[in-house]
Every structure is written in structure tokens, then in C-alpha cells.
Amino acid sequence: MKKVMVHPERCVGCMQCMMSCATAHSQSKSLFTAISEKPLPKPRVHVGAGRYGEGFPNRCRHCDPAPCLSACLPGAIFRDHATGTILINPERCINCASCAMACPFGVIRYHQEYSAPIGKAVAVKCDNCLERQIPACVEVCKSGALTYEEPSSAMKRKTDEVARSICADAMKENTTPGFALLNAVKRAEVRMREEKSCTI
Amino acid sequence: MHDMRTIAEDSRLLLKKAEKDGIETVWDRFEAQQPSCGYCEMGLSCRICVMGPCRIDPFGEGPQKGVCGADADIIVARNLCRMIAAGAASHSDHGRDLVEVLEAVSEGRAPGYSIRDEQKLKHLAIEYGIAIEGKQILKIAGELAYAMQEDFGTRKKELTFVKRAPAKRQEIWKKIGITPRGIDRETSEMMHRTHMGVDNGWLSLLLQGMRNALSDGWGGAMIASEVSDILYGTPMPVQTSANVGVLKADHVNIVVHGHNPVVSEMILLACQTTELVDLAKQKGAKGINLAGVCCTGNELLMRHGVAMAGNHLTTELVLATGAVEMMIVDYQCIMPAIASVAACYHTKMISTSDKAHFPGMVHREFHPDNAKVLAIELIKEAIENFECRGNVYIPTEPVASIGGCSVEAILKVLGGTPTPFIDAIKAGLIRGAVGIVGCNNPRIRQDYGHVTLTKRLIENDILVIDTGCVAVATAKAGLKMPESVKYAGAGLAKVCTQLGVPPVFHIGSCVDNVRILVLLSALANTLGVDISDLPVAGAAPEWYSEKAVAIGVYFVASGVYTVLGPMPPITGSMNVVNLLTQGLNDVVGATFAVEPDPEKAAVLIRRHIEGKRQKLGLDSMTI
């Protein structure tokens, strides 16, 4: 079964996954109209900034066992066994934040949703876009930081990558010198800003 | 945390105050923007047409071409060229505004403005081929304004000031077809070429980018600088001071912000009128204190010694003193957030240009015919605002500085000819000269790049000439007094002490970067060589703006090796990166380098200068 894979080294921090996620979870499913909906749709994936400003798409891992599910007293959180997806029933959610406290990844937020009872803030998180063929975040990601694939094929690819990386010839190979250059400059900038002793 | 943001003490203390007052600053907004979009940072996103927008996957698996078929090279080149066009347009439109004032003065439509440097007017008129014999000054001014306006159009084969460049440089431009023809024409052609389906050769795009930048450096910006001298006087060395401590707790404080002296000069005149000074005293102040930030501050500093409250990243913090009655802005580099800072205090914010409106500011439009009257009205309102002042916090004492080092002033100090300077270079007392220019950028700790690079260069006997935000940074750091030779190497210190000058010359605002071109041409012509043969370099350690891109490109296209701090959005195309950092050497005899660490940038520059010394047959060192 296909799953969403995250490849942080490929994230360029463009935040398109966030916009696409919010749109996919809007009433109108269109960016241009979604921005004027009430309540305003919000993303369920969030791009954080690393120490050197590098992007990281932070998304629900749909853990098993899931700490959020175990922590949910009213039984609003449940697993869709066909896909392994952890889902939330907004009708049952009592907005107690236990799940958010239990979540090790900080991916559960609280806000109003068009699919929840009107005026009620509920726990909201990634639902793997079960209504769609491909999750919206993956579909929009053009740098390959998010992929939707069989874990076995992703593992094979990773194995091949590791195998290639220990080959002496491949060590020199840098397929994206421009991105490496940009990151080198950004790292230097951050280190300079953080330098404790000012030598001038 | 504030130490990470700035090395300037005034900024650091005011950041603490701003935090306490709940004010959001440029650094907060910078952090909120992280991570920044990698496509945009690499120049790989294209918003030029609506078949897109498009982006190229730098990892090679996603899209490699835009909808139109443009690849990474084309998209990066188009984006960079549009930055050049915007930068060139900014300086050149600034120049146009000055030419219009010159025209209005000649027609008697600009009360308050006058011709303050008649000699320069006549000199330029001759350069433009205008017969001046027996003509009245205002007539000459009108004819010069007309002739300069022609430089903006498309009626010429080349711009008038191109002839100022050394003959060898002009030949290079001719050979590769980048001699600028019209100021507006090159920007217009750049925009045309970058439209979808026009120029899709990344090399030919970049060549036009250089021609466009040259139309700024040897055209629009040069006109801006020269006409400012005609209208407001050619700068001569003048004593001034810098940092936020130039604000005075017991005075009505007025701060000018922006770039064009058209507004700030009239404000200065108004601040000096006896009636208004008396009014300020009636209201309980000791007088009126005018200070500058940004380049319009540099314009006033250069010509009148008006004190400088801060550079780009200090513009919001200046208001957090609570001591500013009124800030008057014209255009360029004025953060639209600034009025929301003023809203926390009593400060009145006034926008003055028909081209530049800002949220939260009161718009009072300046034109040559109403400027004098409007300036007086505004200063009156600022004085009346004095009594609305709350608590004032001016955390530092100002640092003394020397400004006003125009080319004319430098030549005067040298006895009318660059020869003494050339002799000092030949003798190795001075190894070379470097123009450090450009902005502040929250990516780099404020002033750290400027001050570190300047110190490393002068201690290695390299004369530094600076403009814009760099000039303010080094003034705040105390590098611009004759005593500052204590920071210089023995050779440079000896020469500066003999001449009684500081080791760092304040040559003006950002449009005054063209003074560096004029100076380099004078040196090259005296030696009978090209600019690219000289032991000189340029640097922009904390640049941020499109104008800086245009400046950097006209420096390089004029033969000056230029080291940038922040990386321009070009890493999406290694072809473009390699051309700009290596290939251009074979085309224009100079390249860019990118090095955010000023310690390392200093090494690059010293190595370059020693290399040029060796080629000239002078003594050289291995760095």
C-alpha cells in the first residue's frame, strides 16, 4: 500500500504543500475561492525552518500505536484500518487537547473547520487525503521532498542510493551543485550571525 | 539575541526598547519568513507569464522546463535581468526627477531651488556639446536639462558619459555590443527581451543585462549625481556625526528618509529659517534638529554635514527613540512597515513623492513649484507636534565623522591631480583601493560585513571608499576621522596622515557610486590603462536590493572585480553562476565573487589586488 514519504534533504521550503493542503481541505477545493471562505481553511502539514533555514515538511506519521488515539478519552480519534490512517471525528471531539499533548511531532492543531459543527473548534490533523487519488501535499511538491509510493520501492531506492554513495567515483558527484552552493552561503550567514565573540 | 542581529550599539539598545514596546521589526519579519522559498532563492521560479507560474526542480526529477519550454538557465537569466532592469530604472528615474528640477529652475518655476555650482553646470554643458559663450546661467541650465533628457530616450547611438570611460573600456563595450544607447531604452529593451518568447539565449540576455546596468552607471545614476551637484553644490570635506545619538532630546527632531535630495534640501532650508527656529523655541524646544537616515541623509551629509541617525536596518529603530517629531520620506528602501512603528509614538509620517505612497502616512506631495512653501508648512507641523512627545530614549552618544569626499574634493586634497595617489600605490604604501557599497540585510548581522571588511582592508594598506549604508556603518564605527588611521596599516596611515585625511572616504549616497567610476577612469586615464588593470575592487557585503544588483553589474561591466555578501538568486543555473564568477573575465576583464564572510572576502580582495599589482609590474605579495 502506498504511503507518503518525506525526504527532508529535498525540501526547498516553498510551502506549496501547506497551500495545497489547506485548499484540499476547503469547501470549494479552489485556492482562489478558498481564501475567502469562513472558517478559513488551514493546512494540516506545516513547513518548519531548520537551524540554517532549511525547510522541513512536518506531517502526521499516522503512528501505530498512535499516542493521540490512546490519549483521546471521548473516542473521537480512530484508525481507518483499510489505509492505516488516523482520523478524527469532529462531532465527538471535545477540544481537550490531550491528543496534541500526546503527539510527539506537534502535528495536531485546533480550529474551526467547515466539516465540523459550526462555531466549534476541534482537533484537526492530516487525513492522508483519503478522498483523493494522491494526497494534495505530494501532488504539489515538485522537488521530491514528499512522495507517495510503496514503502518497498522507497526502501529499495534508498538502499541503491547508499550503495552508490560508498562507491569512490560517486563521492565526487554532486547532482545539484547550485542547491549545495546556496546552502553553503546560507550556512555561512547563519554561523556569522550566531558567532558569540565579535572579533572586529 | 539582539547581538546576533546587529553589531551597532544604538541598534542593539533600541532593539531591546522596541521589544519592550511591542514593536515588530525587520528582523522579526525575516524570522517569520523562514524557511524562504528555495525556488525563489535559486531563481528557479518564473512568474513572467500566465501559462505558468512555473518552477524547475533543482533535483532533476520534477519539471525541468517551464510551460513555454524555458529551462533553468533561461529562467535564472531572465529573473536576474529583470532585477537589473528594476535597479537601473530606480536610479535613472531618480536622475530624471533631478533633471526636471534643473529644467524647472531654468524656467523660473522652482522657487527655493537654484544653481549652486555654476562651474560644474558649465563644465557639463561643454561635455554635452552646448555652446556656453555669452549665455546666461539659467539658459545653459535649460539647454543642459534638454540635452540630458535626450540621453533618456532612443535618439542617440551612445550615452554622453560613455566618453568618460577609458578608451580601452569603450572598445571592450563596442566589441561585445554593450555600449548603452539610451537610459530608458535599455531598461525597456530588457523588459522586452525577458517577455515570453523573445530572447531565450541566457548569454545574450545577460549581455543586455550588462548594457542595461551600464545605462544606469554611466547614464541615469551619473546624471543624478552630477545634477545634484549642480543644484545643491559639489560636496567638499565636512564634519558630521553618526548614530541614533544625533537626535537631540531638547530639540524638535526631524528625520528625512529616502534618496532624492529634491525634497530633503528644501526641508533643510526650512529648518534653517529664523521664524521656524523661533517657533520651536516658543514651543519649549532649544531648536530644530534635522537628521538623515538612508541615502537622502547621505546627500545632506555630503553637502552640508547634516548628521546621520542610521542606515537601512536602523530606520525603524530611530522611531523607537520616541524623539522624532516627524519623518519625511521620498522613495526607495522605505519599508512599508515603518509607519506602524511610528504609530506607537507621536511621530508624524509624511510621504512626499507622487511615485511613492505608504500605508499609515499622510501624503503631502512635493513638486518643484510648491516645495519651498510645503517644506515650511511641514516643519511648522513638526514643531507643533513637539508637545505631544512622550518618553524619550536616546541611548548613545554620536560618533564624529568626515563626509563630503567627492572626486573633486579628493583631487583638491591631492593637489589637483591623481598623481600623488598613484605614486603612493606605485611605492606600495597603498596597495590598492576598494569601493565598499550597498545596503543592510537581515541575513547578515547589521554592519558586521561592512565594518569587518573595511577594517581588514585598511589594516592591510588598502584605501576604502564607501557609499550608502556602508558609509553610515563605518561612520558609526569611528573609521572616518583623521585619527582613524590608528586602524590603518603603516603605509596607508603614513599617506593619510600626510594629507590629513581619514583612511575611509565617504564618497556619497548610492547614486554616488558613479563617483567611483569617475575616479577610476581618472586613475586609469592618468596611467594609460583600462579600469580592469587597476589594483582595485568593489564589495557589497550586506546588499539586498535590485538597485544593488544593477550597481554590482555596472561595476563588473566597467572592469571592477566585485565581491558580494549575500548570494543573488542565480544558483539554479550553474551556467549563469560560472559565467558571472569566471567566464566574464574573458568578456569584460572582471568577475563577481560571492563570500558572505567578510574575513574571507578581505582575503579574496587582497589576493586580487596583489595580482593586479603584479601585472602592472609593481611589487606584490602572495596572500
Side-chain angles (χ1 to χ4, degrees), chain A residues 5 7-19 31-32 46-58 138-147 149 157 161 173-200, chain B residues 3-7 30-45 54-63 72 76 441-449 451-456 477 564-567 569-578 594-600:
Chain A
M5 306 280 166
H7 314 278
E9 72 283 2
R10 291 247 172 142
C11 179
V12 298
C14 68
M15 301 192 200
Q16 300 229 16
C17 52
M18 293 173 65
M19 289 226 281
L31 176 64
F32 300 105
H46 298 92
V47 176
R51 175 160 140 75
Y52 298 114
E54 62 276 53
F56 176 75
N58 193 31
V138 175
E139 192 180 65
V140 80
C141 182
K142 295 294 175 228
S143 70
L146 295 168
T147 55
E149 55 189 325
R157 208 179 53 242
E161 268 172 33
E173 195 182 308
N174 185 354
T175 48
T176 52
F179 196 52
L181 188 57
L182 174 70
N183 286 331
V185 169
K186 284 167 74 176
R187 282 195 189 106
E189 284 171 6
V190 171
R191 282 196 211 106
M192 277 163 50
R193 285 204 301 275
E194 288 181 352
E195 225 166 67
K196 285 283 176 291
S197 60
C198 193
T199 55
I200 54 167
Chain B
D3 293 341
M4 272 173 61
R5 293 177 162 184
T6 178
I7 63 160
F30 174 75
E31 275 162 29
Q33 280 294 336
Q34 302 310 309
S36 31
C37 171
Y39 296 115
C40 300
E41 276 189 313
M42 298 180 77
L44 287 175
S45 56
C54 301
R55 67 268 196 221
I56 303 297
D57 172 20
F59 300 101
E61 282 174 22
V76 167
N441 184 329
R443 290 176 179 276
I444 309 279
R445 192 161 16 163
Q446 184 193 15
D447 295 353
Y448 175 74
V451 175
T452 311
L453 181 60
T454 304
K455 282 193 171 173
R456 291 299 168 268
L564 305 175
M567 175 65 86
I570 57 169
T571 57
S573 163
M574 287 311 286
N575 280 333
V576 172
V577 170
N578 291 334
V594 178
E595 178 48 70
D597 184 341
E599 301 279 358
K600 291 179 187 159

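The sequence lines fix the lettering, A, B, ..., with proteins before strands; numbering per chain opens at 1.
How far CG of B:L44 is from CG of B:D57: 9.0 Å, rounded to the nearest 0.5 Å. Note that CD of A:Q16 is 8.5 Å distant from NZ of A:K142, once rounded to the nearest 0.5 Å.
Judged as a side chain to side chain contact (heavy atoms under 4.5 Å, CB included), and not counting sequence neighbours, the contacts of B:C54 are B:V67.
With respect to chain A, the highest number of heavy-atom pairs below 4.5 Å among B:E31, B:E595, B:R55 belongs to B:R55. Interface remark: of the candidates A:M15, A:R191, A:R10, A:R10 forms the most heavy-atom pairs closer than 4.5 Å to chain B. In terms of heavy-atom pairs under 4.5 angstrom with chain B, the leader among A:C14, A:C141, A:S143, A:G55 is A:S143.
At a 4.5 Å heavy-atom cutoff, the contact between B:M567 and chain A is made by backbone and side-chain atoms alike. Residue B:P569 does not touch chain A at all, counting heavy-atom pairs closer than 4.5 Å. Residue contact with chain A, scored on non-hydrogen atoms closer than 4.5 Å, involves the backbone and the side chain of B:R443 alike. Looking at A:E54, only its backbone comes within 4.5 Å of chain B, counting heavy atoms on both sides.
Environment of CD in B:Q33: sparse, with no more than 12 heavy atoms of neighbouring residues, nucleotides or ligands closer than 6.0 Å.
For B:R445 (side chain) and A:M192 (main-chain N/O), a donor-acceptor pair under 3.5 Å exists by modelled atom type.
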Which pairs of donor and acceptor atoms, one on a side chain in residues 177-187 of chain A, lie under 3.5 Å apart (sequence neighbours left out)?
| from | atom 1 | to | atom 2 | distance (Å) |
| --- | --- | --- | --- | --- |
| A:N183 | ND2 | A:F179 | O | 3.2 |
| A:K186 | NZ | B:E41 | OE1 | 2.7 |

